[in-house]
Amino acid sequence: MAYHIDLENFKGPLDLLLHLIKQHEMDIYDIPIAEITAQYLAALDTMKSLNLEIAGEFLVMASTLLHIKSRLLLPSREAADNDEEEVDPREELVHRLLEYQKYKEAAQSLERLPLLGRDVFVRQIADEAMAGNDDGELQPVPLFELVEALRRLLQEPPPPPVHEVARERLSVAERARQVLELLSRRPQLPFLDVVGLGCDRELLIVTFLAVLELAKLGLVRILQGQHHAAIWLHAVEQRPAAAAIPVDEAFGYC
Amino acid sequence: MKLLDTAELKTLIEALLFAAPGPVRAGQLAAALHPDLPPARVSAVVELLAEEYRQTRRGFVLQELAEGYQLRTRPEHAEYIRRLHHSRPVRLSRAALETLAIIAYRQPVTRADVDYLRGVDSGAVMKTLLDRHLVRMVGRKDLPGRPVLYGTGPEFLEFFGLRSLAELPSLPEFNELPPDLLEAVESLSTAAGEAFADQDGKSQG
Amino acid sequence: MKLLDTAELKTLIEALLFAAPGPVRAGQLAAALHPDLPPARVSAVVELLAEEYRQTRRGFVLQELAEGYQLRTRPEHAEYIRRLHHSRPVRLSRAALETLAIIAYRQPVTRADVDYLRGVDSGAVMKTLLDRHLVRMVGRKDLPGRPVLYGTGPEFLEFFGLRSLAELPSLPEFNELPPDLLEAVESLSTAAGEAFADQDGKSQG
């Protein structure tokens, strides 16, 4: 059976479910749970066969569907025994799908509004010119913006300054070996995890240099998905890699 | 200081809006023009200007936003302007728009609410929206862990050209859900948020 | 692509000049408008616009400069525009807010600490914050060179509507940031402060 579904287009399990419901013209208020479960699992199989990584959320939904299916198979007597009104096990799922559909549509109508910078433009005036040295009254700032400012800062480690020479506690070669060791445990690492977790300024610079040297030696590759996206370090299979690292003198850092 | 006639006011208000780095309120315009000028008079002249722009097909329109009046180009000219600037249009991904819609319509909401409603983790998208000031933290929810509550700020309205949240496009089914059902979904979403957190902890352990 | 008539060209050229960040040449305008539009045609329409602005007393004029055409306000309106800029509340710049955040959360801190954490020189921003009394000198650090220590003042609390510094949202709670990163930055800033002071001492010695 052919599934012509561009799975990467689905933003999550709810999105995929909605698509399947529409495609197979099912009634969202009375979802044939056995059928939707089969369709959903088939879609996941397609993902697997394409070697796509299936996010955990998709698997959670699969188990939810199977759970609902099993509850629907239980004889309704049991519920009656409890003297309680029987709740349709599909109810929560239906609510979630309806809610999700609503915001999906809302997103589309937001996109149709004239967006600043896409559809409409304002005059571009250098705001800083007056923000800095003006003595006008300050515009109130919500407290949380202060927290946000700090969050932004802390998320970006300060750039290594070019004018300062690091006094070395740790050699570049030593650090390069440590980075390689990290990469031997995981084939790829976010660059920021390697550099950002350094505990002082010098270590940060030494790490930075180490990574550059490793790249130069062809022991790691520095990759980026797209402009401004996260930078990743990839291990290059070449063992024993650590042996290829010369001493610091050879790097010229002494 | 002599009082200004309508023609003079029109010229001056146009000059002020033209030179302002952002939206300007009637009161601010009035204060800059004449100590005795009532803001209502300014608003009336602004209306005249707005009408004139529409009729004489100027290259810009006068728009009223949450933070005041602002001159903006017309949507149908976007293509030409982008060509002059050699810029690609500002884009929001579908995930970002979905997240933004949930936050705009349901604010204040927690990350757990957003994740639950979307069925996926919204961390990366939230960061983008926070960085672009389309979303901001508005407080903390009175729950264990005191999760941060998110909402939209003035930049959101400015970005979409709205005077207030009341101008958001209405959701067709938005009011059709009975309130008790809404509440049920609310509590479910909270429970789910906790379950998610729980699960994360386990999978790491 | 159909060719544009004079009225359309006037509207479009006005829109382009309005949205342009600086002077624009006739050739650039023509290229943005239509592949077959001769720049001479654009220049002719620009002349018409300039004449129209003079006659209808618009709030701006169309000026021809060495680098191209530009819309500018009239010199006789300068006073009003200055007054508007003063009456308009000034927004704290992003740099100012970042600096203020560091000082608020890490006080007392030295300039070197702030510069280090922001990765740039904070001199100008610090001056603004000091002038506004949001930040003040609170002492000197017991280190070679006795660097000044900064903290926040009462105006800071007033500005953010806080009763005391204890009401600042606490950082470790701040769940958007991975805790290990936070810790790393904590220790980083301390180490950096010492390293800086160290170095300062040496360079003076």
Side-chain angles (χ1 to χ4, degrees), chain A residues 9-18 55-58 60-61 64 91-92 94-131 139 142-148 151-152 155 229-230, chain B residues 18-22 61 63 70-78 81-82 85 87 89-92 94-102 104-106 116-121 127 130-131 133 136-139 148 153 158-162 168-169 171-174 177 181 184-185 188 199 203:
Chain A
N9 272 341
F10 291 99
K11 296 299 172 211
L14 293 174
D15 206 18
L16 177 55
L17 274 178
L18 268 188
E57 294 107 353
F58 282 95
V60 172
M61 181 57 72
T64 305
E91 195 176 289
E92 189 205 338
V94 172
H95 292 164
R96 284 188 73 181
L97 286 171
L98 287 174
E99 284 286 291
Y100 178 70
Q101 189 177 35
K102 198 169 73 184
Y103 292 112
K104 208 179 137 168
E105 278 170 26
Q108 283 160 6
S109 47
L110 278 184
E111 202 185 5
R112 284 191 290 268
L113 291 173
L115 301 191
L116 192 61
R118 185 189 72 179
D119 308 307
V120 298
F121 298 85
V122 294
R123 285 198 67 221
Q124 298 178 4
I125 300 167
D127 207 5
E128 316 84 64
M130 35 204 99
Q139 194 167 313
L143 181 58
F144 277 102
E145 259 186 46
L146 189 72
V147 188
E148 265 176 50
R151 175 189 63 91
R152 268 199 312 265
Q155 281 179 344
Chain B
F18 176 83
V61 296
Q63 193 155 13
Q70 190 174 38
L71 299 183
R72 296 181 158 204
T73 58
R74 295 170 191 271
E76 62 265 36
H77 294 164
I81 294 167
R82 281 202 298 267
H85 290 183
S87 66
V90 170
R91 277 185 64 95
L92 278 180
R94 232 187 85 188
L97 275 164
E98 267 178 30
T99 307
L100 198 52
I102 291 171
Y105 283 94
R106 283 185 85 115
Y116 176 77
L117 280 165
R118 292 190 58 225
V120 290
D121 181 275
K127 188 186 171 311
L130 281 164
D131 285 348
H133 293 279
R136 60 178 180 179
M137 294 180 256
V138 294
V148 174
E158 208 175 321
F159 186 67
F160 287 101
L162 303 169
L168 277 175
L171 300 177
E173 318 117 289
F174 200 63
L177 271 185
L181 198 69
V185 175
L188 270 171
Q199 197 194 23
S203 66

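Keep in mind that the numbers below use all heavy atoms, side chains included, and drop hydrogens, waters and symmetry copies.
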Checklist entry - What residues form a ring-ring contact (aromatic ring centres under 6.0 Å, His included) with B:F159, not counting sequence neighbours? => result none
Item to check | Test item: A:R123 side-chain N/O and B:F18 main-chain N/O as donor-acceptor pair under 3.5 Å | outcome: yes
Checklist entry - What residue, out of B:A95, B:G22, B:G139, B:A104, has the most heavy-atom pairs lying under 4.5 Å from chain A? => result B:G139
Next on the checklist: Under 4.5 Å from any heavy atom of chain B, what part of A:L116 do you find: side chain, backbone, both or neither?
Outcome noted: both
Next on the checklist: Checking A:Q108 against B:R94 for the side-chain contact (heavy atoms from CB on, under 4.5 Å) test, could you report, in this order, the C-alpha distance in whole Å, the side-chain angles of both residues, the deciding distance, and whether it holds?
Outcome noted: CA-CA 8 Å; A:Q108 283 160 6; B:R94 232 187 85 188; 5.9 Å; no
Next on the checklist: To the closest 0.5 Å, what do you measure between CD (A:E57) and CZ (B:R118)?
Outcome noted: 9.0 Å
Item to check | For B:A96, all residues meeting side-chain contact (heavy atoms from CB on, under 4.5 Å), sequence neighbours excluded | outcome: B:L92, B:S93, B:V125, B:L129
Item to check | Backbone N/O of B:Y116 and side chain of A:R96: donor-acceptor pair under 3.5 Å | outcome: yes
Next on the checklist: Are B:V120 and A:P13 packed together at the side-chain level, in the sense that at least one heavy-atom pair is separated by less than 4.5 angstrom?
Outcome noted: yes
Checklist outcome for this item: Heavy atoms of A:P114 and B:P75 approach each other most closely as CB-CG, 4.1 Å
Item to check | Single hit among B:R72, B:Q70, B:R74 for side-chain contact (heavy atoms from CB on, under 4.5 Å) with A:V120 | outcome: B:R72
Checklist entry - Do the ring planes of B:Y105 and A:Y103 sit parallel (below 30°), tilted (30 to 60°) or perpendicular (above 60°)? => result tilted
Checklist entry - Of the listed residues (B:V138, B:L162, B:L100, B:T99), which shares the most heavy-atom pairs with chain A below a 4.5 Å separation? => result B:V138
Item to check | Interface moiety of B:H77 toward chain A, non-hydrogen atoms closer than 4.5 Å | outcome: neither
Checklist entry - CG of A:L110 to CG of B:L168: how many Å apart, nearest 0.5 Å? => result 6.5 Å
Item to check | Main-chain N/O of B:L117 paired to A:E99 side chain as donor or acceptor, under 3.5 Å | outcome: no
Checklist outcome for this item: Okay, B:I81 and chain A: the region with an atom under 4.5 Å from a heavy atom over there is side chain
Item to check | Atom pair CZ (A:F121) and CZ (B:R82), whose distance is rounded to the nearest 0.5 Å | outcome: 5.5 Å
